[in-house]
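Step one of this worksheet: look at the structure below.
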Protein chains: 2
Amino acid sequence: MGLLLLFNGGFMLLAALVSALYKDGFTLEISLAGLTTVFFGTLMMFTTREHKKDVKKREGYMIVTLGWLCMSAAGMLPYLFTGAIPSVTDAFFETMSGFTTTGASILDDIEVLPEGILFWRSMTHWIGGMGIIVLAIAILPLLGIGGMQLFAAEAPGPSADKLHPRITDTAKRLWFIYVGYTAAETLLLYLAGMNFFDAINHAMATLSTGGFSTKNASLAYWNDNPLVQYIVILFMFLAGTNFVLSYYMFKGKFTKLYKDDEFRFYAVIIGVLTVLAALVVYLRANVPVSDYHPMVLGAGESAFRHSLFQVISVITTTGFVTADFTGWTPFLTVLFFGLMFLGGSAGSTSGGVKVVRHMLMIKNGLLEFKRTLHPNAIIPVRFNGKMVYENIVYNILGFFILYMLLFIFGALVLGVMGLDFETAIGGAASSLGNVGPAFGDLYPLANFNSLPVLGKWWCAFLMLVGRLEVFTVLILFSPIFWKKI
Amino acid sequence: MGLLLLFNGGFMLLAALVSALYKDGFTLEISLAGLTTVFFGTLMMFTTREHKKDVKKREGYMIVTLGWLCMSAAGMLPYLFTGAIPSVTDAFFETMSGFTTTGASILDDIEVLPEGILFWRSMTHWIGGMGIIVLAIAILPLLGIGGMQLFAAEAPGPSADKLHPRITDTAKRLWFIYVGYTAAETLLLYLAGMNFFDAINHAMATLSTGGFSTKNASLAYWNDNPLVQYIVILFMFLAGTNFVLSYYMFKGKFTKLYKDDEFRFYAVIIGVLTVLAALVVYLRANVPVSDYHPMVLGAGESAFRHSLFQVISVITTTGFVTADFTGWTPFLTVLFFGLMFLGGSAGSTSGGVKVVRHMLMIKNGLLEFKRTLHPNAIIPVRFNGKMVYENIVYNILGFFILYMLLFIFGALVLGVMGLDFETAIGGAASSLGNVGPAFGDLYPLANFNSLPVLGKWWCAFLMLVGRLEVFTVLILFSPIFWKKI
């Protein structure tokens with residue numbers, strides 16, 4: 001935990017450097033936040049007992065959850081010290097939304113913020129994304145969370161089941177790709193006409209499937225620059241793809257890519273839904289166009305681009321916006337609500353339930369027909385040509401039930417706070433899935449600032465639980481966890 | 001199938017008798033419908049091959065699904081012949097809504113209908129309820145549907161696993177209770193001040209957890225007669241309870257009742273939710289009161305009664321209404337939406353997912369924590385003190401996934417037809433759960449007549465699929481079903 005804070009403080013000092021470069025006048029405050037964090041990190045490292053090499057499962061859940069909380073508690077210091085976000089509730093929400101790569105914001109006006117703060121805000125996404133890659137590849141599979149074991153077998157690197165070698169080896173390779181993609185997107189966005197500051201901020205928010213933008217209108221600010229939007233589309237797609245597949249692609253093993261069941265399904269579903277959405281948008285050209293979107297959505301290329309952008313943005317749980325999908329048609333509103341539960345691929349930085357889980361659940365559901373007809377036959381689920389162990393399918397089904405229960409409970413709690421039906425269920429689905437934009441009062445052009453104080457804390461909690469694949473956090477609330485062995 | 005039609009026709013002739021008694025002027029038309037049905041039933045029985053004693057599983061699914069369709073196709077004849085509902089779409093919807101005990105109606109004015117037709121309408125519920133008891137106790141467990149096997153072991157009667165002895169023996173006992181309850185409710189309602197015709201109609205619609213009323217305002221018509229509403233509450237509660245428990249109760253085995261996990265959970269959840277709803281309603285006495293409800297909802301007993309009524313009505317999927325729950329508070333709207341997925345007990349006439357399935361899923365979900373911490377231990381789910389086989393839990397999880405997928409798909413299809421968000425998801429949830437009242441344009445004081453033609457057929461389909469526990473119908477669409485062995 002101390003080490004995490006140390007890193008966190010280091011990144012804050014980087015933001016202070018950006019602040020100094022852009023002379024935004026807040027360098028001192030951000031540096032102070034960074035130094036405070038470094039101080040506490042160092043304090044924690046030197047006052048606690050020497051850390052054990054051998055981390056047990058129970059401690060694993062604890063470390064992951066507390067780690068994210070600790071990062072968020074420290075991460076709000078730059079906002080508080082500079083006064084960019086004076087309230088603790090708001091600052092915590094914004095930071096948690098950053099580290100969980102959700103991208104829901106409480107800021108009414110983003111563009112007035114100093115550059116250093118904007119950079120820190122995007123960086124919370126980027127750091128969160130790095131954390132998630134380690135989680136997905138190395139930690140969650142060992143903790144036995146929601147079928148992630150299945151996926152771990154596919155990851156490159158030494159296959160020993162100790163925590164240490166996997167983290168250092170596999171994570172390094174994938175982080176390299178993550179950093180490379182970020183650099184590539186920054187360069188491409190810059191060449192396409194963004195200024196360098198916007199380019200690097202959006203690249204960080206894309207690769208982490210976060211969604212914070214430096215503009216109030218999000219990516220709709222570049223509605224007259226389709227090239228920028230297509231670049232973001234490409235990198236959102238890559239960020240929602242298993243990073244392991246990117247690794248194999250760079251190794252020249254293209255067969256791995258198109259033979260991967262999850263990738264195929266992910267690509268096909270994006271294609272089909274884009275065509276569907278574009279068709280609906282195109283046929284109903286008389287869509288109410290908001291102030292942010294002074295373009296005719298019905299035009300051919302525009303309809304296609306906006307549909308593709310919104311579909312990929314919601315499926316990958318990025319949450320960038322070029323148009324208000326809740327203002328299109330009721331059908332598309334329902335569709336996008338459904339997409340909040342889809343999520344990108346496992347091993348990507350995207351949140352939500354994830355494509356592979358849906359595939360296994362659907363496959364298993366359909367095989368139930370077969371099992372019903374042949375009750376004595378053993379009919380396993382297959383994925384990527386291999387048999388999936390029954391306990392993994394069981395695990396995934398358990399995950400989904402808990403996810404849905406939490407969604408319903410989450411919406412009920414928001415309902416108790418007086419939010420209307422659409423806002424409550426949209427807010428819960430979006431927070432839990434780490435998407436960002438939602439429905440009702442939280443529609444894509446609005447923000448989460450209208451929530452009551454308790455609502456902000458609750459949504460921040462849902463973001464954390466969703467991000468850490470439900471089990472990791474909820475297990476801490478189970479009495480079994482605390483029982484002595 | 002022929003035999004079913006024969007029974008169906010017989011019941012129509014009974015409705016014709018009611019028509020004659022009340023001299024509503026439509027006796028001839030209803031008799032004609034009955035005779036037509038009897039004719040076709042007889043024709044089918046004598047032109048088809050002698051029926052095999054030994055019905056196979058595959059044929060089982062087919063018979064159940066086609067049986068319900070056949071009943072509904074014939075059941076609309078009285079509406080069509082009398083001109084009470086001139087459109088085939090509307091008549092089919094109303095009949096399917098009747099036989100599936102949903103209770104959603106397309107009738108704008110119920111009170112102008114002739115008595116014979118009103119009686120037939122309530123009777124579709126009652127016949128449907130009888131069918132469901134047989135299904136739940138004797139047929140579905142043998143077909144291996146969604147964990148119903150678990151429940152079958154608890155049913156009284158010979159435990160041979162052949163279809164025949166169970167149907168005749170167990171069904172007879174439970175039908176006896178069903179008929180007895182109906183008679184008792186009729187008598188009590190009559191004594192409480194309803195006229196005999198309304199009493200018997202409402203009794204039939206209560207015991208089947210249907211929800212058709214003879215009044216446009218449903219049970220709100222009796223808002224100045226709390227006794228009537230409490231009687232209906234009592235019998236809705238009984239109709240949503242496992243009929244097997246009623247059987248044991250009459251046998252004097254009361255321990256069976258309070259030792260039953262499902263019953264306890266069912267009773268507790270109704271209690272807790274009623275108190276919660278009543279509290280919210282009471283605290284917000286400034287609720288908009290519609291024309292149908294000229295009473296102050298905020299008054300103590302009234303708040304309690306209306307909350308209890310609506311909670312039981314939705315949980316048991318009856319769908320009677322004394323107040324518009326979508327007009328209370330946003331929180332209660334979300335709560336009632338969630339209740340649509342709950343359902344009553346297994347072995348009752350209620351629809352939805354059912355309490356026992358939720359219990360096993362939640363138990364299993366919580367045990368996942370334990371399993372995650374002790375990956376090598378075998379930790380079974382327990383129900384009523386007994387271990388539940390893993391394949392049954394598997395079965396239930398598969399059922400729930402399919403149910404939710406169908407709900408999402410169902411809402412999307414309604415969305416394509418242009419319904420707004422709340423109406424689409426409310427309509428799908430209500431139809432699939434066989435509840436009746438829904439949300440948005442389909443709110444409790446409205447009806448389903450505003451749906452487009454295709455929407456009515458789609459909702460009728462969802463009702464059928466939900467009623468027959470999803471698998472029974474969907475398996476017919478699976479290629480595996482049609483493959484030759």
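A note on names: the letters A, B, ... follow the listed sequences, proteins ahead of strands, and every chain is numbered from 1. Remember, it's a predicted structure, so these values are computed and weren't measured experimentally.
Under the side chain to side chain contact (heavy atoms under 4.5 Å, CB included) criterion, A:I408 pairs with A:L412, not counting sequence neighbours. The salt bridge (Lys or Arg N to Asp or Glu O under 4.0 Å) search around B:E368 returns B:R371, not counting sequence neighbours.
For A:K370, the NZ atom sits in a loose shell: 12 or fewer heavy atoms of surrounding residues, nucleotides or ligands are nearer than 6.0 Å.
Contacts of B:F341 with chain A are absent, with no heavy-atom separation under 4.5 Å from either backbone or side chain. With a 4.5 angstrom heavy-atom cutoff, A:L335 touches chain B via backbone and side-chain atoms both. Contacts between A:I425 and chain B at a heavy-atom distance below 4.5 Å involve the side chain alone, from C-beta outward. Of the atoms belonging to A:L474, heavy atoms from both backbone and side chain fall under 4.5 Å from chain B. Proximity to chain B (any heavy atom under 4.5 Å) is restricted, for A:F337, to the side chain, taken from C-beta onward. For A:F421, the parts sitting under 4.5 Å from any heavy atom of chain B are the backbone and the side chain alike. For chain B, the nearby part of A:M404 is the side chain; its heavy atoms alone come within less than 4.5 Å. There is no contact between A:F439 and chain B, counting heavy-atom distances below 4.5 Å.
Summarising the geometry of B:F471 relative to A:G365, their closest heavy-atom pair is CE2-O, 4.4 Å, with the distance given to 0.1 Å. The shortest heavy-atom contact between B:V334 and A:A424 is CG2-CB, 4.4 Å.
When the candidates B:V416, B:T326, B:L419 are compared by the number of heavy-atom contacts under 4.5 Å with chain A, B:V416 comes out ahead. In terms of heavy-atom pairs under 4.5 Å with chain B, the best-connected choice from A:L414, A:L397, A:I475, A:V413 is A:I475. Taking A:I362, A:N364, A:L402, A:D420 one by one and counting their heavy-atom pairs under 4.5 Å with chain B, the maximum is reached by A:N364.
In this pair, B:Y394 and A:Y394 present their aromatic rings parallel. The plane angle is below 30°, not in the 30 to 60° band.
Taking CG of B:L360 as the start and CD1 of A:I401 as the end, the distance is 11.0 Å to the nearest 0.5 Å. Between the CD atom of A:E422 and the OG1 atom of B:T333 there is a distance of 12.0 Å, given to the nearest 0.5 Å.
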